[in-house]
Every structure is written in structure tokens, then in C-alpha cells.
There are 2 protein chains.
Amino acid sequence: MLDIYLLEHLAAFAECGTLSAASEKLHLSQPALSRSMQKLEECLAVKLFTRQKNKLTLTENGTLAAQYAFRILALEQDMITKIRDFDRKNRTISVGCCAPVPLEALMPLLTYQHPEMSITSELNYKQQLLDGLSQGNYQLIVAPEDPKDKDLYALPCGNEQLYISLPPAHPLANYPALYLKDLDSQSFLLYSKIGFWYELCIQKMPHAKFLIQNDRDVFLELVEASALPSFTSDVKIKQGQSRPNRINVLLRDPEASVTYYLVCKKSDKHFFQPIFEKIHDSNLTS
Amino acid sequence: MLDIYLLEHLAAFAECGTLSAASEKLHLSQPALSRSMQKLEECLAVKLFTRQKNKLTLTENGTLAAQYAFRILALEQDMITKIRDFDRKNRTISVGCCAPVPLEALMPLLTYQHPEMSITSELNYKQQLLDGLSQGNYQLIVAPEDPKDKDLYALPCGNEQLYISLPPAHPLANYPALYLKDLDSQSFLLYSKIGFWYELCIQKMPHAKFLIQNDRDVFLELVEASALPSFTSDVKIKQGQSRPNRINVLLRDPEASVTYYLVCKKSDKHFFQPIFEKIHDSNLTS
DNA sequence: TCGGATTACGTGCACCGTAATGATC
DNA sequence: GATCATTACGGTGCACGTAATCCGA
């Protein structure tokens, strides 16, 4: 069998055209390369070069050999990257979530339970979450409803109730509860990374204007400093994140109250069993 | 990059299941293999094995790696054989010939003119010769007529006239000349390796019986010892191969007199120029 | 006790770099 | 003289084998 370094040397020579150029590319001395080429010919027992004292050129054999060399080297490189990718995928848990709130409790839980694995998470929409789960891009997802799929294992893991946060002077601030359609055509401060809530706002308030903020700190400061309505939830309020100069009004739309479901493939159920048990005891939103 | 020997070792282990079995297969010590596997893991920076003190097993990573190893090794093996085949094809001249006689002069000519190349020859029928030439299976053919193809270069290279060799007592032995159809329904001694002459006999004498001999010596001895008619030619007669106890009668059929053409691809004309020149001076049948 | 895996240690080969030579422009 | 390829020579890394150890059936 031919050593891989011989193929690398041949490939370099085929690319560069001269031994000296190739040797520079390979960080190698010219004599070393010269010997490699000789050895390659010897191993294959085939003439690969025409030697004109001062010039080395590939024969037809040589170009054929170089083509093979490229293919083999590419395949080996592919092997390395693919195996590393495969390994990394096996030692990372990818979590997809429909909203940011469940992640806040789920991520610490996972890192605690699987200290040897790295955990990644991203927000995504319902259908993408389910697709990603079945395709293996996610091992665990949090959906805003029960997927009811025979291949999936799902467990309720908490609730979240949307509120509208209004300044006391706002005309709607004294209502005990509202519907989203009551708020249509208003302007809102909206943090961008809120998952499926964003869809809900767009759908229910097609005429509203959303002043979208990508930076969480900027968003909070604007809420503080402006009289613009914004959204919050019972979870956030319980966490004490409601502002004293704001009145939080319940939203009665059925979609404004969500039950989160933690979902994995049935085949992964055993692996995630400890997580499901912990959630059974104390859910992700309490 | 991973050294090829590491892949070979991995492949062997994947096939054998234990280091000791694989080491035996590789004619290698167990420790050497053990180290190879460790090095492979180190190079890939990935766990390939589960180690149970006394048992070494491939992980999923490992089986994936082994699959790649097989592919790479196969590709490399393929490279070696393909290049050697390609080289051999380039340093052999394959000659196809419609009859044995022209070969007797052509082969020495070729070996003399191209001492570095190996020459192979075979008898074949006209169409196969032309197909073989265009497909590269032959570089040079001898056809029984001018192929008249614009991509081919052809030159007459000799003639051969068929004779029927009869014992003096044979009823037809005193004719100055005969046609093949005159001989139909007789029994003949026929040497098998005579190229297109065989076709001719079958066509012109559908009722004749041919006692076919595969061994040249046996054939000649039977000609000597029996009273059965057989075939010969002017070339053979000039060579002094006619038997004293036989009368050779000319065959008048136009097909019984053939002009041979030496043919090559126009693209190879330059390469074979010396051969064509020599033949121009003294042809293959004189 | 045997078979399988790993560790420890010494050795030889093979690949490398430096230096020198040959050859062509 | 500059560039390119090859040969000669000495050094070193590394893959190997032998021997020893550990562990489980």
C-alpha cells in the first residue's frame, strides 16, 4: 500500500508543476520531494515522470495517479470532518424551543444532568421544531401544544399567560382583561427573540405597529422610559420583572395562554427520563 | 492526515473483532495494534472504542471510521491496479490478425523495432479486428482487405494464395486448378488456427467434413501419414513446407487469393511509421 | 490458567534536512 | 549566475517486537 504522504507529495507536485514550488508549499526540502516521487514510482512499479535532467513532468500514468491522489486525499479529509461532526453531534444535546421562557429553566437542568455533553438551544416555530426533531437536528423540543405523534414522547412542562403591560394613563389600563384585537392598530415595543409569541401578535393584530428591539437591555430601558405598551407574562410577573409604573392586563384570547410540552423521540425517552421526572416534580415555568 | 497503516489496522480490527485476531491477520504484534488504535483516536480527537479492560469494541464513531477506512483502502487499491493496467496497456502493442501467416513476419519486426514494449497478438475476424482497433484493444491489425476508413491508415503488406494439397492418387490431383466448390462434400484435415480461411472453407464448402486439429504438430503428422486433402498456400510452399508426396493445386476462387493490409489509427501512424516503411520495402509474405 | 488488552523499554528503519553535484537557461 | 533536479551523508522520530503486567472468564 502507498503511504498517504506520498500521495500528498504527488498532489502538491501536480498542482505546482515543479518540485521546488511543491516543496515550498509542503514546507519540505526539495530532495525530500524528489525522493518521494522516486519512491512512488518504485512502489507502483510504473513510470510516472519524464525526466529531462532539469525538468520533471508527469506522464499520462502520472496524471492518472495524481487524479487518484486527489480523490483519496479528499476522501480522507471527508472522513476526518464527518467523524468529528458525527461525534460532536452525539455529545451535544440540541434543544429547540417555541419561546424563551421554558429554556431559562430547562438549560440549567440539562447541563446539570449531562455535565459531559454540550447543550445548544435555539428558538424556532412549531413545525420547524417537529421537523428538526424527526430529522435529528433537535433531540429535545418545547412545543406550545401536544404534538400527539405516536413516535414522540410529550409531557406538559408548564404554562405561560400573556399580559399586556400598559402605562397607568393608557385608556385601556383600567380594564380587568382585554383581547388582542382590542389592541390592534396601536404601537408596541416588542423584543424580537420571543419565539411563537411573535407569530401570535402578527396574526391577531394585523394593523398594529411593532417597534422591534433586538437588544434585550435596550428593550427593557425603552419600556421603562416610554409610554408605549409592551408584553409580559405571568411567569415574568412572578419573577418580579413587572415595572411599578406599569399596569399588567390579562389577555383573554385562548392563544394567549399556552401550555408547554417537552417532547423527545420515543427512542430517546430513556435517555431523557431523568429530565422528564424532574419536570414532573417542578415544571419549567414555576 | 491519517497514515494509511492506521486505516489498515482499523479495518482489520473491524473485520476480526479483537486485537489479537487482527494482529495475527496483519502479521503484527498485539501491542502494535493497540497503539495504532490509540493513535487513531488521538489523531481524530474522537473516541472510537469502548474499553472494558479485557474487551475492545467499536463505538458508533468507530464503525463509521471503519467504513471510511474500507472505502479509502479500496480506492487506493483501485488506484494501484488501474495505474498498472493503464501503464501496461501503454507499453504493449496488441496486434490483431486475420490469418497466421502475416504474423510470422510482423511479430519479429515489431519486437525488433520496439524492444521496450511487449507485443501480443491474436487471430480474429475482420469485423472484430476493426472494432478492436477503434476501441483501442488493438493498436495494429492485419485485415484481408482495405478497410477504407478515413480515420484509419492502411497499407498492403503482402498476398497469400490458397492451394489444396492432394495425394497423387486423388481423382482431382491432376487438374491444373480447381474451385473450392469442386471439393465440397469431401473430408479435409484442417488446422484450427488459420483465421479467416476457416470462414472461407465453411462458406464455400458447406457439405465438406473438416477434421479439425488444434495441435500443429499432430496436424502436420496426419497430413504426412494420411491421404486426406489439406490446405496450404503459396507462402508455405515457398517456405519449402510442401510435402514431396503431395500435389498442390491452385484454387481459382477470387477469395482464395488475398491481399493483406496492415492497418492502424491515423493518430498512431507516426508511431508505426518505421514498421510501415519496412513493409513497403519487403512485405510480410515474401 | 488462559486469552485479551495495555504499558514499558530498546531497536532499526525510513524519512528528513544539509550539503554537494550536475545540468539547463 | 540562477533555477531546478538528483545524489550523498548523517541524524532523529516513530513504528515495531519482546517482555511484563493487569484483568476477566
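We name chains A, B, ... by the order of the sequence lines, and we start the count at 1 in each one.
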To the nearest Å, give me how far apart [atom1] ([X]) and [atom2] ([N]) are.
| X | N | atom1 | atom2 | value |
| --- | --- | --- | --- | --- |
| B:Leu33 | D:dC16 | CG | P | 8 Å |
| A:His27 | C:dG17 | NE2 | C1' | 16 Å |
| A:Leu19 | D:dA2 | CG | P | 21 Å |
| A:Glu24 | C:dG17 | CD | C1' | 16 Å |
| B:Leu48 | C:dA5 | CG | C1' | 16 Å |
| B:Met37 | D:dA15 | CE | P | 12 Å |
| A:Arg51 | D:dA5 | CZ | P | 11 Å |
| A:Phe49 | D:dA5 | CZ | P | 11 Å |

Q) Below 4.0 angstrom, N of the basic side chain to O of the carboxylate: do A:Arg51 and A:Glu41 qualify? A) yes
Q) So, are B:Asp85 and B:Arg88 salt-bridged, with charged N and O less than 4.0 Å apart? A) yes
Q: Just call it for B:Leu28: base, sugar-phosphate, or nothing, with non-hydrogen atoms closer than 4.0 Å on any strand.
A: sugar-phosphate
Q) Nearest to the side chain of A:Leu56 - C:dC16, D:dG17, D:dA5? A) D:dA5
Just to confirm, is there a sub-4.0 Å distance from OP1 or OP2 of [N] to any side-chain nitrogen or oxygen of [X]?
| X | N | answer |
| --- | --- | --- |
| A:Thr18 | D:dT3 | no |
| A:Ser20 | D:dT3 | no |
| B:Ser34 | C:dT6 | yes |

Q | Partners meeting side chain to side chain contact (heavy atoms under 4.5 Å, CB included) with B:Gln135 (sequence neighbours left out) | A | B:Asp131, B:Asn137
Q. Under 6.0 Å between the ring centres of A:Tyr153 and A:Phe272?
A. no
Q) With ring centroids as reference points, do B:Phe276 and B:His280 lie under 6.0 angstrom apart? A) no
Q: Encode nucleotides 18-25 of chain D as B, S and - characters from 5' to 3', where the letter depends on protein heavy atoms closer than 4.0 Å: B to the base, S only to sugar-phosphate, - to neither.
A: BB---BS-
Q.
Can you pull out the residues from residues 1-15 of chain B that lie within a 4.0 Å heavy-atom distance of DNA chain D?
A. B:Tyr5, B:His9
Q: Please check if any side-chain donor atom of B:Glu122 sits under 3.5 Å from a side-chain acceptor atom of B:Tyr138, or the reverse.
A: yes
Q. Between B:Leu44, B:Leu48, B:Thr59, B:Val46, which is the residue that forms a side-chain contact (heavy atoms from CB on, under 4.5 Å) with A:Asp87?
A. B:Val46
**Q.** From B:Leu103, B:Val101, B:Val235, B:Leu106, residue fulfilling side-chain contact (heavy atoms from CB on, under 4.5 Å) relative to B:Leu284
**A.** B:Leu106
Q: Please name the pair of heavy atoms, one in A:Ile279 and one in A:Cys157, separated by the smallest distance, quoted to 0.1 Å.
A: CG2-CB, 3.5 Å
(Q) I want to confirm an ordering. Mapping B:Gln38 and A:Lys39 to their closest nucleotides on DNA chain C, which one lands closer to the 5' end? (A) B:Gln38
